[in-house]
Participant: 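Below you'll find the structure I mean.
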Amino acid sequence: MVARDLLGCILVRRDGTHVLSGRIVEVEAYTQNDPASHAFRGRTPRNDVMFHAGGVLYVYFTYGMHFCANVVTGPEGRGEAVLLRAVEPVEGIDVMRTRRNRPDIELANGPAKLCQAFDLGRAQNGLSLVGPEIQILPGRRILSKDIIRTPRIGITAGQERLWRFVLREKTPRRHRRFAAENE
DNA sequence: AGGGAGATTTTCT
DNA sequence: GAAAATCTCCCTA
């Protein structure tokens, strides 16, 4: 599964003036035959990018005020993506601080938070992940024993699928409880 | 430290 | 018209 491989990779974001980067520490997988997925009910204007061939970014607007970003992973027409839920800031932390105006632990430890920190919005929907603005680079090898698997967050259907993957180290604060239960 | 509620608007039924 | 792949504030301990 691609989701596991994204853990530990480095998300790089370049705009005209800044270079931001962060280590991916939490992701969720969504497939087409998955009732929790935007792709489940077919292709629409909103989720169109999710059906593109893999290697592009799918950014969607939700809850009337937030953006979330996904890595599209399927072949053309399939509707498959991995939601980026949290990164550990590496470069450009000062820029993230001004954009987020929150304690450092909360700069990018949630799907909408990292979009705000990295300035991902409608304009980035469909962008290539090998282009100048956004890249995902390999990071250090992650051992499967350092990956925690849990139900996905914020969904009502498909909870039986344990498709949320979190790096054991640097577990975001609100997931400490689950991590402890699985020691 | 943890839980609950409100915010706010797009999207599709 | 209802629900949404969420965040932040405010409350209680």
Side-chain angles (χ1 to χ4, degrees), chain A residues 1-4 6-7 9 11 22 24-52 54 56-74 78-89 96-127 129 134 136 147-167 170-183:
Chain A
M1 207 173 253
V2 182
R4 279 188 195 75
L6 282 169
L7 286 177
C9 289
L11 173 69
I24 298 170
V25 296
E26 178 184 351
V27 297
E28 284 176 2
Y30 289 88
T31 61
Q32 191 163 354
N33 67 342
D34 165 14
S37 173
H38 291 169
F40 186 61
R41 290 166 198 277
R43 201 163 175 164
T44 69
R46 180 208 203 189
N47 64 22
D48 186 68
V49 169
M50 210 174 155
F51 289 80
H52 289 195
V56 298
L57 197 71
Y58 166 50
V59 182
Y60 67 88
F61 183 71
T62 192
Y63 289 107
M65 58 189 95
H66 298 301
F67 291 99
C68 296
N70 297 248
V71 172
V72 177
T73 57
R78 176 76 79 72
E80 198 173 284
V82 175
L83 173 67
L84 300 177
R85 286 197 59 91
V87 307
E88 173 190 312
M96 299 184 199
R97 286 193 182 112
T98 64
R99 286 179 180 164
R100 293 277 305 136
N101 194 29
R102 305 286 306 163
D104 281 4
I105 186 72
E106 296 180 23
L107 289 180
N109 67 336
K113 298 178 187 180
L114 78 85
C115 281
Q116 193 184 354
F118 281 74
D119 187 31
L120 300 174
R122 283 184 216 290
Q124 283 69 43
N125 190 31
L127 280 191
L129 295 171
I134 304 170
I136 292 187
I147 298 177
I148 295 167
R149 223 178 174 241
T150 83
R152 292 168 291 178
I153 305 289
I155 59 168
T156 51
Q159 296 179 342
E160 71 285 358
R161 303 180 188 204
L162 303 184
W163 286 356
R164 170 168 170 264
F165 302 95
V166 191
L167 273 190
K170 299 279 188 180
T171 305
R173 171 161 310 197
R174 73 168 179 283
H175 308 311
R176 283 272 169 74
R177 178 196 304 200
F178 193 96
E181 288 170 358
N182 283 269
E183 291 303 338

Participant: Using a 4.0 Å heavy-atom cut-off, does A:Leu83 contact any base of the nucleic acid, only the sugar-phosphate backbone, or nothing at all?
Facilitator: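 Counting heavy atoms under 4.0 Å across all strands, the contact made by A:Leu83 includes a base.
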Participant: A:Met65 side chain: which of C:dT8, C:dT6, B:dA7 is closest?
Facilitator: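 Ranking C:dT8, C:dT6, B:dA7 by closest atom to the A:Met65 side chain puts B:dA7 first.
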Participant: At under 4.0 Å, does any side-chain N or O of A:Arg85 touch on OP1 or OP2 of C:dT6?
Facilitator: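 For A:Arg85, the contact criterion (side-chain N or O under 4.0 Å from OP1 or OP2 of C:dT6) is met.
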Participant: Checking contacts here: which listed nucleotide (C:dA4, C:dT8, C:dA5) is nearest the side-chain heavy atoms of A:Ser37?
Facilitator: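 Closest nucleotide among those given: C:dA5.
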Participant: Given A:His38, which partner from the list A:Tyr58, A:Tyr60, A:Tyr30 fulfils the side chain to side chain donor-acceptor pair (under 3.5 Å) test?
Facilitator: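 When side chain to side chain donor-acceptor pair (under 3.5 Å) is applied between A:His38 and each of A:Tyr58, A:Tyr60, A:Tyr30, only A:Tyr58 qualifies.
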Participant: Would you say that A:Leu84 contacts A:Val27 through its side chain, given a criterion of any heavy-atom pair below 4.5 Å between the two side chains?
Facilitator: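 In short, these two side chains touch, coming nearer than 4.5 Å.
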Participant: Can you check the A:Ile153 CD1 to B:dG3 C1' distance for me, whole Å?
Facilitator: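 A:Ile153 atom CD1 is separated from B:dG3 atom C1' by 15 Å.
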Participant: Does CZ belonging to A:Arg43 count more than 12 external heavy atoms closer than 6.0 Å?
Facilitator: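 Yes.
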Participant: Taking atom C1' of C:dA4 as reference, at what distance in whole Å does atom CG of A:Asn47 sit?
Facilitator: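 Rounded to the whole Å, the gap is 14 Å.
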Participant: Taking the minimum atom-to-atom distance to the side chain of A:Thr156, which one of C:dC9, B:dT10, C:dA4 wins?
Facilitator: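 Ranking C:dC9, B:dT10, C:dA4 by closest atom to the A:Thr156 side chain puts C:dA4 first.
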Participant: Is there a side-chain contact between A:Thr44 and the phosphate of B:dC12, meaning an N or O under 4.0 Å from OP1 or OP2?
Facilitator: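 Looking at the OP1 and OP2 atoms of B:dC12, one of them is under 4.0 Å from a side-chain N or O of A:Thr44.
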Participant: Quick check: do A:Pro111 and A:Glu28 have side-chain heavy atoms less than 4.5 Å from each other?
Facilitator: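 SC-SC contact between A:Pro111 and A:Glu28 ruled out.
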Participant: Go ahead and name the base partner of C:dG1; Watson-Crick or wobble counts if both distances stay under 3.5 Å, otherwise write none.
Facilitator: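 C:dG1 is paired, partner B:dC12.
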Participant: For the residue pair A:Glu106 and A:Asn109, establish whether any side-chain heavy-atom pair is separated by less than 4.5 Å.
Facilitator: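 A:Glu106 reaches A:Asn109 side chain to side chain.
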Participant: Expressed in angstrom and rounded to an integer, what is the separation of A:Phe61 atom CZ from C:dC7 atom P?
Facilitator: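 Answer to the nearest Å: 13 Å.
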Participant: Looking across every strand, which nucleic acid part, if any, lies under 4.0 Å from A:Arg152 by heavy atom: base, sugar-phosphate, or nothing?
Facilitator: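 No contact.
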Participant: Does A:Arg102 put a side-chain nitrogen or oxygen below 4.0 Å from OP1 or OP2 of C:dC9?
Facilitator: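 Indeed, a polar side-chain atom of A:Arg102 lies that close.
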Participant: Need one value for A:Arg41: base, sugar-phosphate or nothing, where a base atom within 4.0 Å counts as base even if backbone is also close, heavy atoms only.
Facilitator: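 Answer is nothing: A:Arg41 stays at 4.0 Å or more from every strand.
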Participant: Hey, does A:Ala112 reach any base, or is it just sugar-phosphate, or nothing, if we go heavy atoms under 4.0 Å?
Facilitator: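 It contacts sugar-phosphate atoms only.
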Participant: Please report, rounded to the nearest Å, how far the P atom of B:dT8 is from the OH atom of A:Tyr60.
Facilitator: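 So the OH-P distance, A:Tyr60 to B:dT8, works out to 20 Å.
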Participant: Identify which nucleotide among C:dT8, B:dC12, C:dT6 has an atom closest to any side-chain atom of A:Arg46, counting heavy atoms from C-beta outward.
Facilitator: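 Within the option list, the nearest is B:dC12.
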Participant: Which nucleotide sits closest to the side chain of A:Pro45: C:dT6, B:dC12, C:dT8?
Facilitator: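 Shortest atom-to-atom distance from the side chain points to B:dC12.
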Participant: May I have the distance from A:Leu107 (atom CG) to C:dT6 (atom C1'), rounded to whole angstrom?
Facilitator: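 Rounded to whole Å, this separation is 17 Å.
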Participant: Can you check whether A:Arg85 reaches A:Arg152 side chain to side chain, under 4.5 Å on heavy atoms?
Facilitator: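 The answer is no; the side chains never approach within 4.5 Å.
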Participant: Does the ring of A:Tyr30 lie flat against the base of C:dA5, closer than 5.5 Å centre to centre with planes under 30°?
Facilitator: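 It does: the two rings, one from A:Tyr30 and one from C:dA5, meet the stacking criterion.
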Participant: Mind calculating the distance between CD (A:Gln159) and P (C:dA5) to the nearest angstrom?
Facilitator: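 Rounded to whole Å, this separation is 12 Å.
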Participant: Nearest whole angstrom, please: distance from the C1' of C:dC7 to the CG of A:Asn109.
Facilitator: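 Atom CG in A:Asn109 sits about 10 Å away from atom C1' in C:dC7.
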Participant: For C:dC7, does either OP1 or OP2 sit under 4.0 Å from a side-chain N or O belonging to A:His66?
Facilitator: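 Looking at the OP1 and OP2 atoms of C:dC7, neither is under 4.0 Å from any side-chain N or O of A:His66.
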Participant: Rounding to a whole Å, what distance do you find between A:Gln116:CD and C:dC7:C1'?
Facilitator: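 Computing the A:Gln116:CD to C:dC7:C1' distance gives 9 Å.
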Participant: Any N or O donor-acceptor pair linking the side chain of A:Tyr63 to the base of C:dA3 at under 3.5 Å?
Facilitator: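 Not at all, since no donor on one side and acceptor on the other fall under 3.5 Å apart.
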